[in-house]
Amino acid sequence: MIRVLLVRWSRYNPYYLEPEPRKEVYHIPETELTPEQKEERELKSVRPIKAATNSVTSSVFNDPVLSKFVNMMMKDGDKIIAKGIITQTLENMKRKQVEKYHKAPEVKKAEIECNPYVIFHQALENCKPVIGLASIQKGGKFYQVPIPLTDNRRRFLAMKWMITECRDNKHRRTLMYEKLSQELLAAFSKEGNVVKRKHELHKMAESNRAYAHYRWW
Amino acid sequence: TCLSGTSKNACQSEQHLGQYYTVPASHFHTVFPHGLPPRYQQQVKTFNEGCVMVRQPALELISHLKRADYINPTLRYLLYGVKGSGKTMSLCHAVHYCSTQGWLVLHIPDAHLWVKNCKELLPSSYHASRFDQPIQASNWLRNFRTTNEHFLSKIKLRQRYVWTKRESTEEGRPLGELVDMGVSRVKSSSDVVGAVLKELRLQAGGTEGGFRLAVAVDGVNGLWGRTTLKKEDKSPVAPEELTLVHNLRKMINNDWCGGAVIATLSQTGSLYAPSSAYLPQELLGEEGFDSMDPFIPVPVSLYSEKEFESCYLYYLDRHWLQHPHSQTEEGKKELIFLSNRNPSVLERLCAFL
């Protein structure tokens with residue numbers, strides 16, 4: 001069991017700046033810097049910088065969307081189990097797709113997508129709702145009003161639906177990574193329960209079009 | 001440099017070091033019903049083919065097997081190495097070589113499975129103080145039957161065996177009948193295993209209809225040491241008190257001729273052994289080392305640079321490394337750093353990348 005100790009606290013003086021984990025930024029030579037980048041470097045050499053979190057790495061395989069998904073899947077702060085489930089899911093998806101690839105005839109090989117990261121991102125895109133509903137009070141009654149959603153909110157809703165779907169609607173004996181890989185592959189081809197939920201939300205918003213002018217922002 | 005088309009393992013030599021050779025699909029079910037590591041079996045299913053890398057320890061073993069003379073008592077080879085360095089795979093490579101050369105192969109997939117997690121321990125009918133394990137014995141006999149189909153009708157028994165008051169197997173009956181009886185009569189399957197091993201030991205070096213016998217044992221350090229099994233009065237069972245272990249120890253002694261014993265140490269399934277132990281002295285213990293002595297030690301090391309390259313190119317070729325960054329130089333350096341060239345760690349890393 002690997003113990004991970006927290007070094008960074010989440011509340012800092014606003015004077016502190018965010019750290020830059022990517023390696024490419026530091027490899028640009030002096031001459032090719034634009035004036036804004038030079039200013040930024042000047043500022044960073046004077047101001048203090050926050051410590052980097054444990055989940056952020058300078059490795060090329062670091063993926064912010066995947067880290068967010070791992071954090072949402074985590075229960076009781078057990079990141080190791082959540083990360084383990086996600087890696088098993090990716091491996092499972094890759095195995096299914098590679099097996100299909102090797103058994104398919106030459107013509108169909110180009111259409112089969114084997115990269116689990118591409119499948120994951122595409123599936124998440126297919127689950128993101130375009131428009132959401134908010135409960136607004138007008139004249140004593142509450143109406144479900146269609147409102148635009150920010151990008152973060154859409155991403156959050158897609159991940160939340162995916163995780164709740166996999167936790168609730170599965171057989172007692174199926175493991176989490178098995179169910180997740182089935183759902184992600186289904187969402188990649190726009191079938192499955194999560195895209196169905198997204199479509200239902202869109203239909204509700206469409207049917208409540210009349211209340212759209214209750215929104216004042 | 002990766003896929004060599006030769007599936008003839010008799011002509012593999014140092015030129016093929018680092019290259020992969022394909023095991024024909026028909027061989028998998030007959031030669032390896034129970035020998036391969038589980039992750040490798042998944043890999044074979046995914047890639048729709050089984051490729052094994054030709055490495056130095058396996059080649060050394062095969063060259064020893066080619067040049068040894070079988071009139072002297074059996075030579076014992078012991079594969080040892082760090083966790084995940086490819087000992088079981090080298091053993092399976094050698095077993096495949098033996099079976100293509102027409103030897104009779106006695107492959108015990110993991111000796112640790114016989115000293116732990118046993119649901120049924122019956123007191124033995126043959127010997128008062130020993131214990132039988134019917135499930136493990138019948139499973140092993142079933143797999144043994146699949147591996148050595150063509151030998152079962154040729155070998156004849158040299159002794160009469162009596163199982164119960166009504167059942168007995170006469171002299172001169174084929175071995176296949178004995179094995180079938182062991183699979184169907186589960187209660188006496190451990191004694192059947194003992195009888196089979198004894199017959200094979202007697203007949204291995206014989207000049208008329210002689211065959212060569214290869215005994216391949218994985219996790220041989222489980223035969224000496226402690227077990228987790230308990231008798232009904234909660235006192236621990238020593239390994240000598242199990243019929244299967246007792247008979248297997250007689251096989252590993254070098255008092256018979258006409259074959260070879262290839263063994264692997266394994267820390268993963270071992271009981272009461274620290275996880276950093278990998279040397280024969282530490283894992284076999286005093287008793288085990290004295291019984292295995294003299295043996296030929298074969299160290300299995302981590303991948304060299306050439307072998308790592310070969311493995312990396314094989315995964316690329318089979319479309320296993322899908323992450324775009326893993327196909328660049330940066331990603332490759334990172335894989336070397338993270339896995340330290342350990343074959344099993346590399347396999348687990350590449351699985352999700």
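Every heavy atom of this structure was used, including side-chain atoms; hydrogens, water molecules and symmetry mates were not. Throughout, a chain's letter reflects where its sequence line sits, starting with A, and its residues are numbered from 1.
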| field | Part of B:T328 lying under 4.5 Å from any heavy atom of chain A | value |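 B:T328 has no heavy atom closer than 4.5 Å to chain A.
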
| request: Using a heavy-atom cutoff of under 4.5 Å, enumerate the residues of residues 93-109 of chain A that contact chain B, numbered in order, or state 'none'. | output: A:K94, A:R95, A:V98, A:E99, A:Y101, A:H102, A:K103

| field | Residues of residues 157-179 of chain A near chain B, each having a heavy atom less than 4.5 Å away | value | none

| task | Using the ring pair (Phe, Tyr, Trp, His ring centres under 6.0 Å) rule, collect all pairs that involve residues 52-95 of chain A, keeping only residues at least two apart or in two chains. | result |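 Found A:F61-B:H323, A:F69-A:F120.
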
| field | Closest-packed option against chain B by number of heavy-atom pairs under 4.5 Å, given A:T89, A:L90, A:N115, A:T87 | value |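 Most heavy-atom pairs under 4.5 Å with chain B: A:N115.
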
[atom1]/[X]: more than 12 non-hydrogen atoms of other groups inside 6.0 Å:
X      : atom1 : answer
A:K68  : NZ    : no
A:K38  : NZ    : yes
A:K196 : NZ    : no
B:E330 : CD    : no
A:Q37  : CD    : yes
B:R341 : CZ    : yes
B:K83  : NZ    : no
B:E149 : CD    : yes

| request: Enter the distance from A:T57:OG1 to B:E334:CD here, rounded to the nearest 0.5 Å. | output: 7.5 Å

| query | Which residues in residues 343-353 of chain B have a heavy atom less than 4.5 Å from any heavy atom of chain A? | reply |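 Residues of residues 343-353 of chain B touching chain A at under 4.5 Å: B:E347, B:C350, B:A351, B:F352, B:L353.
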
